[in-house]
Amino acid sequence: MAMTTSGIDGDGGGGDAVDVSVVVPARDCRPYLDRCLTSALVQRVKKEIVVVDDGSTDGSAELLDLYAAYHRTSVKVVRLEGSSGGAGRPRNIGLEHATGRYVFFCDADDYLGPEALERMVAMADRNGSDIVLGKIVGHGRRAPASMFHHDTDRAPLGESAVYNSLCCFKLFRREMLERHRIRFAERVLIGEDIHFTVHAFCHAEVISVVADHDCYHLVARPDGSSIMQQAGSRDPLGWLTMIRGPIALMAEHVPPGPLRDHLLVRHFKLDVLAQLGVPFLEAGEVRRKDIAQEVAALCDEWLTSGVRARLSGIDRQRLACLDDVDRLARLAGIEGAAVRRRLTGLRWEADRLVVTGTAALEGIRAVDGISLVLRSRAEPAREVVVPAAHGPARSGCDGTEFAARVDAGALGSGVWDLRVAIEVEGVVRHARLGADRDDEVTRPAPRLIRDVVAIPYFTKDNGNLSIDVGGHLLAVPGTVRITRTRWALGQRLAIDGEVLVGGGVPAASAIRRLVWRERRTGDERADRVVALPGGGFAARPPVGRFAPGTWDAYLEVELGGPPARFRVETDAAAVAGPRRPWGGIVLRSVRPYATPGKGRLSTVVRKLTARSLLRRMLR
């Protein structure tokens, strides 16, 4: 295959070492090239962009010539005669021309987010990373998500979700790729990047994750012309044949044991047993038998007891009936059925949040069980399952009616998202609850339960039901009111008050401190509070010693989350008058007051100068 190059002068970096080589395979992608190349050119790292034109016939070649001419120190174009038939060979050729410390592979119809390479290179340099996964955002295409919950300096291959993402849109240390001759498979139409990324993961000593920034934008072409959008690109038999290579490659490098089992679980869940889902339903009867036989063959070769123990309930059921095509089709139908659910009621009953609704699977009448699953947003592995009482499905009803009572106070601190779980023939389907609800269903008032505050709410994006335990996202409703103030010895303002939160009285241990915030500078100081029975409290802040300024009073209360601050309310009658100078030389004046309108406690402290003292004397 003939090949020509144009673009970068000299070593590609103007004499400086290149941080990142961005390798872009391009084949008839003229409408997307500008966005892709511009997103790479604006990255604030020392870079080179190696574009491999794989026989384009739509004007891409002419556009690439312009980029190479105008960006001679940054853009190199490698032109292949004819088409390779897949992205594997163009990427390998691009890698051969790369000179950067790191390599990033970007498809021509996708694009990089601002600062993407800068952040990933910083992560790699800080940790000595061999691979850095940057957060991927999908536009009309499904993007991997399980590994992007939070930034991770060092993600263990066997104790994280990084292996779930086997696409090549990552930052790779080029020295590692060259030392182990890690390359893309060239004789496959799909899955060439799985072969490459599996091999790279096997040799990476440090793997890092940038999750708090959108690094890569994965785009579906509107005309459906990309390889992964074409009919048959995910043919189940073709996929099962392809995935044998990466699995065998991984097994060559990882000996039997927990790590290999962890990696095999990914392949069985997402590559092997997934072919018994929707693709299985769409196949004819003969192909269904062939798919089941191919899955069984892979299980005979690679399925261990450690892998089986880590699979979900539906996958274990599939394994038990690989010789029963009808049962496999029924399981696939249950898994693929749309979940119908509706929230019909939401109310407090003592300290329990009572949730009522209807739930069903589209086209499936019988329901074996319904429950609510509350999942921690910060730690998705943390779940609380609440069984729901339900009756038989009734004609004319949108589904099976259910009712569940959630002990919100026992959930633990954090934001909890509610899902309804429907069980049919041992298969459990989940769906968020709340967006579809009766008109009369409203958000219940927050409630103080034991020592925590629980705040049910509907999310802004989709209107689904969640519970904020502790006030992590939502403001905690409460009132703090001063009953009286008076001056005490030591330039102190004696304060008596009371606090209510969510219609209840917080425990004495929850009342933490009185915080004063200076209005102009934002400076803060805290004073001790003595908690009293029935939500009362007392404090004796030395306001006479505060620095000059206007100080606003807040009470901090611990309610199961970050400390909640409440502005201290009062009225003029409860506030002691200004403190006149007492004893010796006067240095300050102190004036507590109730703010106009809302009536909140503040204190003005002024430093008295000789001129102000004289003015007072002459009044």
Side-chain angles (χ1 to χ4, degrees), residues 346-355 374 376-378 384 405-418 442-459 465-485 495-517 524-541 551-571 574-575 594-595 597-602:
L346 192 62
R347 70 183 189 279
W348 288 110
E349 193 174 275
D351 289 344
R352 298 292 194 274
L353 183 65
V354 180
V355 182
L374 295 96
S376 168
R377 191 174 297 177
V384 175
R405 288 167 169 77
V406 179
D407 184 359
L411 290 175
S413 181
V415 179
W416 297 81
D417 298 321
L418 275 76
T442 58
R443 169 184 164 182
R447 177 155 296 200
L448 187 63
I449 306 173
R450 297 182 287 278
D451 296 333
V452 302
V453 63
I455 311 173
Y457 73 100
F458 295 107
T459 60
L465 179 60
S466 296
I467 303 175
D468 185 346
V469 179
H472 292 263
L473 295 182
L474 303 183
V476 178
T479 57
V480 177
R481 188 152 192 87
I482 297 301
T483 55
R484 69 167 181 159
T485 64
I495 296 173
D496 296 328
E498 56 189 15
V499 55
L500 292 175
V501 175
V505 175
S509 60
I511 303 175
R512 295 188 59 196
R513 59 183 187 168
L514 191 65
V515 178
W516 297 84
R517 182 180 178 85
E524 292 186 356
R525 59 166 295 149
D527 292 292
R528 190 173 70 90
V529 171
V530 176
L532 303 173
F537 67 91
R540 294 166 61 88
W551 297 83
D552 299 322
Y554 299 82
L555 186 70
E556 261 189 10
V557 184
E558 184 73 59
L559 299 166
R565 281 190 180 182
F566 302 101
R567 192 72 165 86
V568 176
E569 301 177 6
T570 188
D571 54 55
V575 179
T595 61
K598 294 184 178 180
R600 293 170 170 174
L601 179 63
S602 296

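As the structure is a prediction and not an experimental result, all values here were calculated from the model.
- Proximity of Leu465 to Phe458: side-chain heavy atoms (C-beta onward) are separated by under 4.5 Å at one or more points.
- Within the model, atoms CD1 of Ile511 and CD of Glu558 stand 12.0 Å from one another, a figure rounded to the nearest 0.5 Å.
- Listed by chain and residue number, Asp552, Ser602 satisfy the side chain to side chain donor-acceptor pair (under 3.5 Å) test with Arg567 (two or more places apart in sequence, or in another chain).
- Thr485 contributes a side-chain N or O that, together with a main-chain N or O of Ala574, makes up a donor-acceptor pair within less than 3.5 Å.
- The closest donor-acceptor contact from the side chain of Trp416 to the backbone of Val469 lies at 3.5 Å or more, if one exists at all.
- For the side chain to side chain contact (heavy atoms under 4.5 Å, CB included) test, residues two or more places apart in sequence or in another chain that qualify with Val530 are Arg528, Leu532.
- The CG atom of Leu601 sits 6.0 Å away from the OG1 atom of Thr570 when rounded to the nearest 0.5 Å.
- The pair Arg405-Asp407 fails the salt-bridge criterion, with no side-chain N (NZ, NE, NH1 or NH2) lying under 4.0 Å from an Asp/Glu carboxylate O.
- Not a single donor-acceptor pair under 3.5 Å links the side chain of Asp468 to the backbone N or O of Ile455.
- One finds the CH2 atom of Trp551 at 7.0 Å from the CZ atom of Arg525 (value rounded to the nearest 0.5 Å).
- One N or O on the side chain of Arg443 and one on the backbone of Pro456 form a donor-acceptor pair closer than 3.5 Å.
- Using a 4.0 Å cut-off between charged nitrogen and carboxylate oxygen, Arg600 and Glu569 do not count as a salt-bridge pair.
- In this structure, Arg481 does not pair ionically with Glu498, as no charged nitrogen and carboxylate oxygen lie closer than 4.0 Å.
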